[in-house]
Each structure stands twice: as structure tokens, then as C-alpha cells.
2 protein chains.
Amino acid sequence: MAAHSSPTITTIAQAAGVSIASVSRVLNGLPVRAETERRVLDAADRLGYVPNAVARSLKSARTHQIAFAVEDIGNPVYLAMLREIQPLLKAAGYRLVLHSTGADAAEEIEVLRGLGQRYADGLIIVPIRVTREHLAELRAVEAPVVVIGSLPDDGLADNVRTDSRRGVDMALRHLTGLGRRRIGFINGPADTVPGHARSEAFRAGTARAGLAVADGTVHEGRFDRETGARAVHRMADGPAPMPDALLCANDLIALGALDALRSRGLDVPGDVAVVGMDDTDLAAVSWPPLTSVSLGSAERGALAARLLLDRLGADADLSAPRAVTVEPRLVVRASTGGAHVVDDGSAAG
Amino acid sequence: MAAHSSPTITTIAQAAGVSIASVSRVLNGLPVRAETERRVLDAADRLGYVPNAVARSLKSARTHQIAFAVEDIGNPVYLAMLREIQPLLKAAGYRLVLHSTGADAAEEIEVLRGLGQRYADGLIIVPIRVTREHLAELRAVEAPVVVIGSLPDDGLADNVRTDSRRGVDMALRHLTGLGRRRIGFINGPADTVPGHARSEAFRAGTARAGLAVADGTVHEGRFDRETGARAVHRMADGPAPMPDALLCANDLIALGALDALRSRGLDVPGDVAVVGMDDTDLAAVSWPPLTSVSLGSAERGALAARLLLDRLGADADLSAPRAVTVEPRLVVRASTGGAHVVDDGSAAG
DNA sequence: TTGTAAGCGTTATCAG
DNA sequence: CTGATAACGCTTACAA
């Protein structure tokens, strides 16, 4: 069924014998005569009227949509953000338009520029890299944008960041506190925002702690399991003594490292302690459970949503961009011996 | 920064000294004099013109948006679908509007009804329950809808389903093949589409295999870890002998069961073999790695997207609703002692 | 209180 | 080839 094309206020007006203005008034709760209201509501109900969101948007210049752009929504970190953002937006009456841009920075630029088409009232973006082009677009865009991640220049957009340097420090301190001195590092791409920050923090942190970092115990790859596994194999096969602890730039890398360590018969944390970053759901599920530095993904998502909604509400447009920082937190689990459960003879297999 | 309100074709027309019609023509690649084209493009470029998507939509009655509605996007199953759907839509020029409805069936109805507002050209929905109201709305909705999950009545909408009964059978056959006879079952809510199907399949499958199902070895809860853990503890504390195998209605339940079994000193798979369903990323990460029945989430997502895009393209509206079924697949891992199968390497990005 | 009419930014028709 | 002009469905002055 559903044969008739949807009724518009014009249809309703005719059916109710009033003008379209009256229909609009009734539908928007403006003062009308009771009789008019009755007839309009009646007709609307009878014909199954539903207001057209697009027409409304054209008139009001508000789409009630907010875009959320990340590199890969399959990444648990971004997912954690999304899970906080979505309900907040919904509660505020906004739909969520999801962009998964892929590793290509050009696509992020596209999203930023696409905002000019006004299909959304605002944007929350987690750039994997921040290029000059990003900054230029940010400057040009008219709709409010919240950037999750570090921004070289304050004042360009609302900004939610995390102190990943402190996070790395916490991990290093934890490991040295356990007596580990040969700490290896497995990073994702160093030319990304998070990759760069972690790399810097590791360098600085080990220097400060007076730790020697042996050649071949720092690896760079992608933010995935394979990178973690491959790095471990290389270290084990390399000339340098195997590290007694591994700091991994995210949980996926850490999981890959755990796999590889197990396959080489190395005990975790007995021979090698492993720390991940991001404290994703995977950390609690892995075996052994993974000590991980929480960078407050969920919290950052929520903060970003709040900043954006804030700016969209009322006439807060005049206020200067705000920057919020979320403190990292170390979540200790068995992979660093934290609360290691007695191992009931689990060899691989 | 970004002071001027965005230029419209009117602005461009004035700047270029032509009519808005000519501007539109140039912008849409319709034939115009070279000189006209030059001037328009020039002005557009100079003023940084970007077409307004909303106005375009009002005129064309197409939003280039597709909605995807699930109960909880944090659920790896839905996430797997999303990860397939998103790039397909993007490639076809559609934006993705994400709805995470929560367990409330009323919210799903809302989404269905909301489509009437025409903010999207189509919808892919994974209903957690299918009520009479769902069916009524489905009948009424004008935009094309693809339902992932079983539908009582063919012909209401395009439909992508999986044969979860066969999936359960495969799991049972696998377990009995390993010599297990006391098979317990931990289900999610039985009044949901997947919960009901799995429950029925378990009953039928055990009956067919001539397996006795002891009292207290079938539990129902939610589709989460806690349910799995709690069920195991109840079974262990109950009067019936502990099952030597557990079929869990999804991977989360299975992970909870693994935790509880470990905490009670029961060996997996030595004492109890465990099978999950959905074969999510978690299955490969857990310890021991989890045997799981893949219900082809990713594949179902992709199929749904294709069906919908199909219907949106050209004038395929006349064709009758199609139903596609995805075959389940048993992925054997260590939790049933099976050949510790090599992962396909697909971890969450 | 109500109706008429003017937009919102596009596209598309129809004369010139 | 180009320029008025009428939609698309809605909100909102401005009049009556």
C-alpha cells in the first residue's frame, strides 16, 4: 500500500479547509482557535502527515545533524567515543552522520570542506594527521567544529586532547617500578598525531629515567596486531637482548605482541611485561589481561559532544574556542604482573 | 574568520553578471557558452561557493543519506555490519546516518516512522524484536527499507537473514563429535529475534541428537559477559552435574563463561568445551581462543547495503522484495580443543 | 485569529 | 545559449 505520495501542509490545509499558515501554526503550537486546531490535527492525523525535515532545514538553516569523522570506526578507540557521543546527540535532538575516512588525510579534508554543503550543523573530528591544509580548512569552515586530538594552534576550534606524554610516563614509571630496565617500544606510524606524540614521550621518558634503549628495541609500524607480532619476532631474532618489558602504542599492537611472545615460549609477565595503550575492551579480554594506559576515549568523546552542543545551543558563538584536556590513567592487569592469577599451565595450543 | 555568510548561486550570478539559471547550468555541466562558463567558475571559485545540500535535496527529493539502525553500535556484530556498509554507501555517494536505538523496541518504531520525515533515502535496520507495530510501519513506510534478521512475512521489505538454526546445529554436531553429551545452553533474551531463534534451534537440535538436557543447564539472560559468568556459577552451584560443553548464544556470553570457568578452576576445553556465536573479533583474542559460529555479520551487512543501493538506483522500485540468506560457518578454535585454527588475521583495526 | 505572500537555495521549464 | 520564473515544503512577517 502506501500509494499516495506523502501529504504536505498544502494537502492538510485543503483537507482542513484552512490556509497553510494555519496548518503550520497548529503544527508548531502557535496560538490558534480551538476549532482550527481540531480540524488541522484531524486532517493531519487522517492523512498521516509527517513534516518534511529537508524543507524545514532549508527554512531554518539547521539540519539537526552532527557529523562525526574518524579514520576507522572499527578501531575500538573511536568506537568508544562514538558510544558516548551518540546518545548525547540523540538526547539533544541531533542525528549522527558517521564518516569513516580511511587512513587518507585527503578524505578528512573532504569532510571538513563538505561541511560547507551544510548537511550538518557541526562536526566532531579526530584527525589522524593535522596538515597545513587541515588548519586552513578549519579556519575557513563556518560550522562549529570540535577536534579531538592535539592542535598546534589554539583558537582554531574547540579541542579535546589527552596528555599522552603523561600516559607514557605513567607506563614507564610502572615498569621501572617493577624493576624492568630494558624497555622496548612498538609504535604505530610516527607521522600521525598519536604516533608522533607517543614516540616523543617515549624518548623523553626513557631519557629522564636514565634508561638505555638498545638498538633494535624500538619499532614502528601500524596500529595493528601484525605490527606487534612482527616487532616481537624481530627483537627476539635480533642481536640485542630481549627487552624485559614492552610498551605498545595501542592495545592492538600489544595483543599482537602477546601472541608472538607466547608463540616463542616467552612468559608474560615473567620474561616480558607488556603494556598497551587506550585501555580498550580487548585489554580486559586478552590473556593475560593487558595492563593499559587509558587515554579516556569515552570521556573525550563525551566532552567533545558537550562542547559542540554547547556551541550550537543559544548564541554561544561569540565565546572563544576552548581546549579541554583529559588525564590518562594506568589500568594495571596481569600482563605486568599486576594481579597475576596463578597460571594453570597454559602453554600455547 | 569566515565572516561572510556562504555565497549562493544568486551571489555568484551577480558577481559573474549572469542569471542564476546560467550559474546552475555551469555548475551542473549543462551546455553554455565558454565565456559564460569561465565567468561563473571564476566567480564561484573566487567567492568559495559550495552548493547547499539541503536546497538541493528539497528540489530533488533525494538526500543522499542512508540510515542504519541497530540496538547498540557497541555490539561487535553490528559493528561488523557497519564496517561493511559504510564504505559501500560512501562509494555510492551516500552519507550514513547512524541510529543506536537501545533495547527499546519503541525506539525502532520511531526510526521507522522518522523515515517519513525524509531525512534519508533509505534504511537498513536490524530489529531486536519484530512486533506487529514494526510490520505495520514497514508496510506504511515509503522509502526502501532492508531488514537484517528474520521477518515473519516475506514481501514486506528486502530481507537479509541467516540460518541460525543451522548454525546451532553445526555447533551441536561439533560438540557431540568431540564426545560431549551434557551440553548446556546460555541464551540472551528469548523474546528477541535472535534469542528466540537460538532457543528454538537448541531445543530442536538437542532433541534430534537425542541429548538429554538436564534441569538447570539452560539459562537465559542478556547478550553480555555477565550473563555468561552468572550462568556458569549457577550451573556449578546447582544440583545437576556440570555440563561438559556450553553453547553460548553469542561471543560475549561465551567470554563471560570462560572467565567464570577459569575462576572456578575448570579447564577449557578439558572439563568444559565452550562455543560462542557470531565469531566476533573478540573470539580470536580471548584465551583460550573461542570456537564460534560465524553468522556472517560482515557479509549480511554488505548484502543489505547492496540490496538497498540496488533499489535506490534506477527504477528498480517495481521489483518484489528479495530475501537473501547467509550460511553460517563454524570457526573452530582452542576452546573446544579443535585444531587451534590459524586466524584469518582479521582483528579489529 | 487568519490568510496572503515572501522567502530559504536549487533545479527545470519555458520563452526569447 | 540565456534569462525570467515557477516549483520543492516549510516558516514567518505583514495585512486583514
Side-chain angles (χ1 to χ4, degrees), chain A residues 4-41 43-44 47-65 114-121 142-143, chain B residues 4-44 47-65 93 114-121 142-143:
Chain A
H4 328 286
S5 74
S6 328
T8 70
I9 51 169
T10 308
T11 325
I12 305 303
Q14 285 167 345
V18 299
S19 74
I20 62 169
S22 287
V23 175
S24 177
R25 286 192 193 98
V26 171
L27 266 25
N28 291 307
L30 297 176
V32 288
R33 191 154 42 115
E35 163 69 3
T36 307
E37 173 168 14
R38 204 185 50 65
R39 281 160 63 186
V40 169
L41 289 180
L47 277 62
Y49 171 79
V50 180
N52 182 310
V54 176
R56 226 192 255 259
S57 291
L58 180 57
K59 186 66 187 153
S60 66
R62 279 181 152 274
T63 59
H64 295 287
Q65 296 193 150
L115 259 195
Q117 299 175 21
R118 323 231 127 203
Y119 66 86
D121 298 338
E142 304 207 24
Chain B
H4 326 286
S5 75
S6 327
T8 70
I9 50 169
T10 308
T11 325
I12 305 300
Q14 285 167 344
V18 299
S19 74
I20 63 168
S22 287
V23 176
S24 178
R25 285 191 194 99
V26 172
L27 265 26
N28 291 305
L30 297 176
V32 289
R33 191 156 40 116
E35 164 69 4
T36 307
E37 174 168 12
R38 206 184 49 67
R39 281 160 64 185
V40 169
L41 289 180
D42 213 62
L47 277 62
Y49 171 79
V50 181
N52 182 310
V54 176
R56 226 192 255 260
S57 291
L58 178 58
K59 187 65 186 157
S60 66
R62 279 183 152 270
T63 59
H64 296 287
Q65 297 194 151
L115 259 195
Q117 299 175 19
R118 324 231 125 199
Y119 66 85
D121 298 337
E142 304 207 24

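The analysis underlying the following values was restricted to heavy atoms, covering all of them including side chains, and did not include hydrogens, waters or symmetry mates. Numbered from 1 within each chain, the chains take letters A, B, ... in sequence-line order. Everything numeric in this text was worked out from a predicted model, so none of it was measured.
Electrostatic pairing of Glu37(B) and Arg33(B) does not count as a salt bridge here, judged by no charged N lying under 4.0 Å from a carboxylate O.
If you measure from atom CD1 of Ile9(A) to atom C1' of dA6(C), you get 13 Å, rounded to the nearest angstrom. Rounded to an integer number of Å, the gap from CG of Leu27(B) to C1' of dT10(C) is 10 Å. Residue Tyr119(B) contributes atom OH, which lies 19 Å from atom P of dG9(D) at whole-angstrom precision. At whole-Å resolution of the value, CZ in Arg38(B) and C1' in dC1(D) are 17 Å apart. Atom CZ of Arg118(B) is separated from atom C1' of dC8(D) by 12 Å (rounded to the nearest Å). Distance CZ (Arg39(B)) to C1' (dG3(D)): 13 Å, rounded to an integer number of Å. The CD1 atom of Ile12(B) sits 13 Å away from the C1' atom of dT10(C) (whole-angstrom rounding). Rounded to a whole Å, the CZ atom of Arg25(A) is 11 Å from the C1' atom of dC14(D).
Considering only side-chain N and O atoms, Tyr49(A) lies under 4.0 angstrom from the phosphate OP1 or OP2 of dC10(D). Applying the 4.0 Å criterion to OP1 and OP2 of dT2(D), one finds that Arg33(B) has a side-chain N or O inside that range. Of the side-chain N and O atoms in Arg56(A), none sit less than 4.0 angstrom from OP1 or OP2 of dG9(D). Proximity of Thr8(B) to the phosphate of dG9(C): no side-chain N or O atom is located under 4.0 Å from OP1 or OP2.
Contact annotation for Val54(A): no contact, since no heavy-atom pair falls under 4.0 Å across all strands. Counting non-hydrogen atoms under 4.0 angstrom, Ser24(A) reaches a base of the nucleic acid. When heavy atoms are screened at a 4.0 angstrom cut-off, Ser57(A) is found touching no nucleic acid atom at all.
With distances taken from any side-chain atom of Ser22(B) to the nucleotides dG3(C), dG3(D), dG9(C), the minimum falls on dG3(D). When each of dT5(D), dT4(C), dA4(D) is scored by its nearest atom to the side-chain atoms of Ala21(B), the top-ranked nucleotide is dA4(D). Candidate nucleotides dT2(C), dC10(D), dT10(C) were compared by shortest atom distance to the side chain of Asn52(A), and dC10(D) ranks first.
Residue order along DNA chain D, read from the 5' end via each residue's closest nucleotide, puts Thr36(B) first among Leu58(B) and Thr36(B). Mapping Glu35(B) and Ala55(B) onto DNA chain D via the closest heavy atom, the residue that lands nearer the 5' end is Glu35(B).
In this model, a donor atom of one side chain and an acceptor atom of the other lie less than 3.5 Å apart for Ser6(A) and Arg118(B). Inspection of the Arg62(B) and Ser57(B) side chains reveals no N or O donor paired with an N or O acceptor under 3.5 Å.
For Lys59(B) and dA7(D), a side-chain-to-base donor-acceptor distance below 3.5 Å is present, hydrogens and geometry of angles not being considered.
The structure places CG of Asn52(B) at 10.0 Å from CD1 of Ile9(B), a figure rounded to the nearest 0.5 Å. In this structure, the separation between CG on Asp121(A) and CD on Gln65(A) is 8.0 Å, given to the nearest 0.5 Å.
Side-chain atoms of Asn28(B) do not come within 3.5 Å of backbone N or O of Leu30(B) as any donor-acceptor pair.
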